[in-house]
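Down below is the structure, laid out as structure tokens.
All values below were derived from every heavy atom in this structure, side-chain atoms included, with hydrogens, water molecules and symmetry-related copies excluded.
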Amino acid sequence: MQAPCELTFDANGGNCAVQKEIVELDAEEVTLPGATRKDSVSVLAREYVFTGWYTDPTTNGVRVTAFTNANQTVYAHWAAIQKESYMVI
């Protein structure tokens with residue numbers, strides 16, 4: 001039996017309730033947490049949708065769908081939600 005590994009979650013500008021998780025390598029399944037992000041409280045603030053955990057903080061990373069047998073940091077990726085704007089007359 002191998003020693004457990006540490007999986008670290010970097011919210012990459014957002015918030016995640018779980019920062020680290022110890023993973024037993026003989027576990028059949030690891031549930032990855034979700035994350036949330038909102039830039040500010042102003043009317044013009046951008047909102048984002050969480051698109052998943054990736055191996056790199058930029059768009060060059062690979063989406064994490066399985067855990068490797070080593071300590072690993074995964075990074076949240078985000079897509080901006082386009083808000084509709086209205087002109088008040």
Can you pull the salt bridge (Lys or Arg N to Asp or Glu O under 4.0 Å) pairs that have at least one residue in residues 3-16, sequence neighbours excluded? Glu6-Lys20
side-chain contact (heavy atoms from CB on, under 4.5 Å) filter on Thr36, not counting sequence neighbours, yields Asn15
With a 4.5 Å limit on heavy-atom distance, are the side chains of Phe9 and Gln19 in contact? no
Side-chain contact test, heavy atoms from C-beta onward, threshold under 4.5 Å: evaluate it for Val74 versus Leu7 and give yes or no. yes
Would Gln72 and Thr55 satisfy side-chain contact (heavy atoms from CB on, under 4.5 Å), going step by step from the backbone distance to the final call? CA-CA 8 Å; Gln72 184 176 7; Thr55 57; 4.0 Å; yes
Can you tell me how far the NE2 atom of His77 sits from the CZ atom of Arg63, to the nearest 0.5 Å? 10.0 Å
Among residues at least two apart in sequence or on other chains, which ones pass side-chain hydrogen bond (donor to acceptor under 3.5 Å, both in side chains) with Asn71? none
First locate atom CG of Asp56, then atom CG of Asn12, and finally report the distance between them rounded to the nearest 0.5 Å. 9.0 Å
Which residues pass the ring pair (Phe, Tyr, Trp, His ring centres under 6.0 Å) test with Phe50, not counting sequence neighbours? Trp53, Trp78
Could you tell me if the side chain of Val64 sits less than 4.5 Å from the side chain of Leu32, heavy atoms only? yes
Please report the closest heavy-atom contact between Gly34 and Cys16, naming both atoms and the distance. O-SG, 3.6 Å
Non-neighbouring partners of Ala79 that pass side-chain contact (heavy atoms from CB on, under 4.5 Å), sequence neighbours left out: Val49, Thr51
Hits for side-chain hydrogen bond (donor to acceptor under 3.5 Å, both in side chains) against Glu21, two or more places apart or cross-chain, chain-then-number order -> none
